[in-house]
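The sequence lines fix the lettering, A, B, ..., with proteins before strands; numbering per chain opens at 1.
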Amino acid sequence: MIKPWKLCLLTMGMLIGLTVSAFPEDTTRIHVTILTASNFGSDFNLENDAFRDQLLNLFSYTSYNQTDKFFIDLPRAKRQSRTLPGGYEFILTLQNKESGRILVQAVIRKGGQQYVDTVLSILNPGVVFLGGPPVEKGVLILVLETGY
Amino acid sequence: MANGRNNDEIKRLYQDYVAKELDRSRLLQEKDDFLKAYFAGWPLLGVLQFLPSLVLIVMIAVLVWIDPRILHHPEKISTPAMILTTREVFGEPPPVVIKRIVSRTGPTLVYQKHYEKHPITIIWIFSGG
Amino acid sequence: MRDPDDELIRLSQQGSKTAFGKLVDRYYEMVFVLAFGILHHHEGARDVTQDVFLKVFREIKNFKGESKFKTWLYRVAVNAAIDALRKQRPHEHLDGTDVSDEDEKPPLIVLDRRAGPREKASESEMRALVREALDKLSPDHRAALVLREWHELSYEEMAHALGIELGTVMSRLHYARKKLSEILSLRLMEY
């Protein structure tokens, strides 16, 4: 029978080990915020207030609803995908990283249809708004932030 | 001059309104209650509060140890995208450079602007094209 | 730029609730009055104020000191109060913002040289009139008024707090004062 304190130490050690292995070198972290913009209602529930003025100035939608936010950790040349509202799939791939810039490929697709396939060279830190895929009563806008 | 007098009058009315409408004693009581509830610092036996959280972390760690597939594994790609064209909006070097953009659903628009000292880049896909 | 709150911010970023509590103590009333100036009722202002501080505590690690802490706090509070007001009044069409002076018709000003109506209206009636007039302003104009007339921020400080250009600050303030003056003038004529 393993003593409780030994089990505790063992599991903490494993946790640390797993954490270290989950973040290998040459990994870039990108923060993604998912918004649904529409002209139905006037919701505005974004957590990041820095986007608020930008969205109001750039677009004419009346409602911006934050539906999700998450970090994506990108090891070099390995694809990471996430499901978006409306049945879309969002795929990010880190292609290169040098001189304070990252080169990422961003793809949004649904079923067999590709909505956008773009390759961006972004100076860290940076912000890119990627929008347009239609969802029920609105459109998706993804906010990609680098430099974490 | 008339405008200045008018502004002074507005200011006086506004300050008078806010000063009289504010229930300051209630405000101060609410502030104290808020501070006690959220920012009172660690109680003497504070560490014990985290025992349930610690147990949960240990349980998760044991589960992951049993079946590492609980963690998401990224799939490898065989052919990374090729760099085809560049588009530069700002001076050298721009904060975001669109190396390539392709859409099968319609035209795309790239909009870049110096917005309040922070450059902004928007990529928009128009559907139904 | 030396921020008087530097040390408390640094400790708060390390997770010190005691340090952040001191910031709350320092700025609670400021944020409350700002929220009250936009929402015009105590409970709403209290809820917004407390939400703002909880949010700021969660995000203080991201505060890089590019502006003063107070300016950042103003900005978070204005946005939170305006969002709260919009949630309360989702379908109401508020007056247009940032209207150019050139597009506006000059207000009808009636000069009444008889005994001042303000002397006749009681203090509480005057406050009710002011509240009624303020209720007719959009959230952005309310924010401009409270920052200038109560907090007495400079135009530049207001621009930073609201995240807008200096010209827009002056235009909003001018419009808010003019609108307030119009409404009060018309209502006072009824006394």
Side-chain angles (χ1 to χ4, degrees), chain A residues 7-8 10-15 18 21-22 50 53-54 57-59 73-75 77-81 91 93-96 99-101 103-110 112-134 139-142 144 146, chain B residues 51 54-66 68 70-88 90 93-113 115-116 118-129:
Chain A
L7 181 62
C8 207
L10 185 66
T11 47
M12 279 173 67
M14 283 188 305
L15 250 182
L18 282 166
S21 66
D53 291 330
Q54 289 171 348
N57 275 284
L58 292 163
F59 302 106
D73 293 297
L74 298 174
K78 287 185 183 173
R79 198 164 57 172
Q80 294 279 350
S81 72
I91 304 162
T93 312
L94 174 68
Q95 296 186 352
N96 200 4
S99 309
R101 299 183 78 100
L103 191 70
V104 286
Q105 179 188 16
V107 173
I108 299 176
R109 63 185 185 197
K110 182 174 179 176
Q113 191 175 39
Q114 175 244 72
Y115 268 76
V116 68
D117 179 354
T118 182
V119 177
L120 308 164
S121 166
I122 307 173
L123 186 67
N124 266 337
V127 182
V128 176
F129 288 70
L130 179 59
V139 293
L140 284 182
I141 300 177
L142 279 66
L144 312 180
T146 67
Chain B
L51 199 57
L54 196 61
V55 167
L56 185 62
I57 289 168
V58 166
M59 281 171 61
I60 292 168
V62 168
L63 278 170
V64 169
W65 179 46
I66 292 167
I70 287 169
L71 287 181
H72 173 72
H73 285 291
E75 47 179 290
K76 294 183 183 181
I77 57 168
S78 53
T79 42
M82 299 288 288
I83 297 168
L84 295 177
T85 61
T86 60
R87 179 181 299 167
E88 297 180 5
F90 302 114
V96 177
V97 174
I98 314 296
K99 297 288 192 183
R100 182 185 84 177
I101 182 160
V102 174
S103 174
R104 301 262 160 84
T105 59
T108 57
L109 172 76
V110 175
Y111 176 77
Q112 294 185 293
K113 184 185 173 183
Y115 177 76
E116 291 187 0
H118 299 294
I120 191 167
T121 299
I122 299 160
I123 300 167
W124 201 263
I125 309 113
F126 294 93
S127 301

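Checking side-chain atoms of B:Ser103 against main-chain N and O of A:Tyr115 turns up a donor-acceptor pair under 3.5 Å.
For a residue to count as touching a neighbouring chain, one of its non-hydrogen atoms must lie under 4.5 Å from one of that chain's; by this rule A:Val128 touches chain B with backbone and side chain alike. Heavy-atom distances place no part of A:Val107 under 4.5 Å from chain B, backbone and side chain included. Contacts between A:Ile141 and chain B at a heavy-atom distance below 4.5 Å involve the side chain alone, from C-beta outward. Only the side chain of A:Gln113 comes within contact range of chain B, with at least one heavy atom under 4.5 Å from a heavy atom of that chain.
The choice from A:Gly132, A:Gly131, A:Gly126 that makes the most heavy-atom pairs within less than 4.5 Å of chain B is A:Gly131.
With sequence neighbours excluded, no residue forms a ring-ring contact (aromatic ring centres under 6.0 Å, His included) with B:Tyr111. Taking A:Thr118 as the reference, nothing meets the side-chain hydrogen bond (donor to acceptor under 3.5 Å, both in side chains) condition, with sequence neighbours excluded.
A donor-acceptor contact closer than 3.5 angstrom links the side chains of A:Gln105 and A:Asp117.
Proximity of B:Ile98 to A:Leu120: side-chain heavy atoms (C-beta onward) are separated by under 4.5 Å at one or more points.
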